[in-house]
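Count residues from 1 along the sequence.
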Amino acid sequence: MPPSQNGSSATDESPVIHTTDEDGAEHKFQMIDMIEVDGQIYGLLLYLGEDDKEPVAPEGYDEEVVVMRIIEENGEQVFEAIEDEAEFERVLAYVEQMDEDEDDVTEE
């Protein structure tokens, strides 16, 4: 899936991403969008409930949507949590600007 600049919403066709945290617990996400910020690709992921149908906020988060860095490892996409606060703030600012730009277009 190539990076998107339009903030498109998830569809039933969006892939389900399985990640494993540092405690070995598996988490499921639905890919909403991919964005590029400062040459790095990030995934906007909707955290899925246990039945893969009801979005819920993951423990420790206020929102259902999580942003993860996507890196290439052995020819596969690997999703990583963003540990660096400055990097996270840059990506969050980009996503918020995307939302504002989309709202401006909708209002016209």
Side-chain angles (χ1 to χ4, degrees):
M1 179 184 293
S4 170
Q5 300 296 323
N6 65 4
S8 61
S9 60
T11 66
D12 292 336
E13 314 255 326
S14 297
V16 173
I17 309 299
H18 298 261
T19 64
T20 305
D21 65 19
E22 60 274 356
D23 297 326
E26 185 176 287
H27 301 277
K28 297 176 191 170
F29 300 88
Q30 184 174 23
M31 178 72 76
I32 296 173
D33 204 353
M34 292 175 75
I35 59 172
E36 183 173 347
V37 179
D38 298 334
Q40 174 62 54
I41 304 295
Y42 298 90
L44 302 179
L45 307 171
L46 179 67
Y47 191 77
L48 299 175
E50 291 181 18
D51 61 4
D52 290 344
K53 293 181 178 146
E54 186 65 35
V56 296
E59 188 174 326
Y61 292 88
D62 294 331
E63 303 287 333
E64 295 89 13
V65 176
V66 176
V67 179
M68 296 184 108
R69 181 185 311 115
I70 302 174
I71 62 168
E72 185 96 5
E73 196 171 275
N74 298 325
E76 294 186 23
Q77 291 181 333
V78 177
F79 293 80
E80 295 183 330
I82 302 170
E83 303 285 336
D84 181 85
E85 191 171 327
E87 178 184 4
F88 181 77
E89 292 298 326
R90 281 193 310 275
V91 175
L92 184 60
Y94 181 89
V95 171
E96 288 173 349
Q97 184 61 51
M98 237 176 41
D99 286 344
E100 286 177 20
D101 291 348
E102 189 173 290
D103 288 345
D104 288 346
V105 170
T106 304
E107 290 175 7
E108 291 177 1

Legend entry - Min side-chain heavy-atom separation Ile82-Val67 under 4.5 Å: yes

TODO: Consider only side-chain heavy atoms of I, L, V, M, F, W and Y, link residues closer than 4.5 Å, and tell whether Ile71 and Tyr42 are in one cluster.
DONE: no

So CG of Leu46 and NZ of Lys28: to nearest 0.5 Å the spacing works out to 13.5 Å

Rounded to the nearest 0.5 Å, the CD1 atom of Ile70 sits from the CD1 atom of Ile35 at a distance of 9.0 Å

Should Val78 and Ile17 be counted in the same cluster of Ile, Leu, Val, Met, Phe, Trp and Tyr side chains packed under 4.5 Å apart?
no

So do Thr19 and Glu26 actually touch side chain to side chain, heavy atoms under 4.5 Å?
no

Residue set satisfying side chain to side chain donor-acceptor pair (under 3.5 Å) with Asp38, at least two apart, ordered chain then number -> Arg90

Distance col, row Gln77:CD vs Ile41:CD1, nearest 0.5 angstrom, shows 9.0 Å

The complete set of salt bridge (Lys or Arg N to Asp or Glu O under 4.0 Å) pairs with one or both residues in residues 72-84, sequence neighbours excluded, reads Arg69-Glu80

Quick check: are there more than 12 heavy atoms from other residues, nucleotides or ligands sitting under 6.0 Å from CG of Asn74? no

For Leu45 and Met31: C-alpha separation, side-chain torsions, deciding distance, then whether side chain to side chain contact (heavy atoms under 4.5 Å, CB included) applies.
CA-CA 5 Å; Leu45 307 171; Met31 178 72 76; 3.7 Å; yes

Separation between CZ (Phe29) and CZ (Phe79), nearest 0.5 Å, reads 9.5 Å

**Report entry** Tyr47 and His27 aromatic ring geometry - parallel, tilted or perpendicular at 30°/60° bounds
**Finding:** tilted

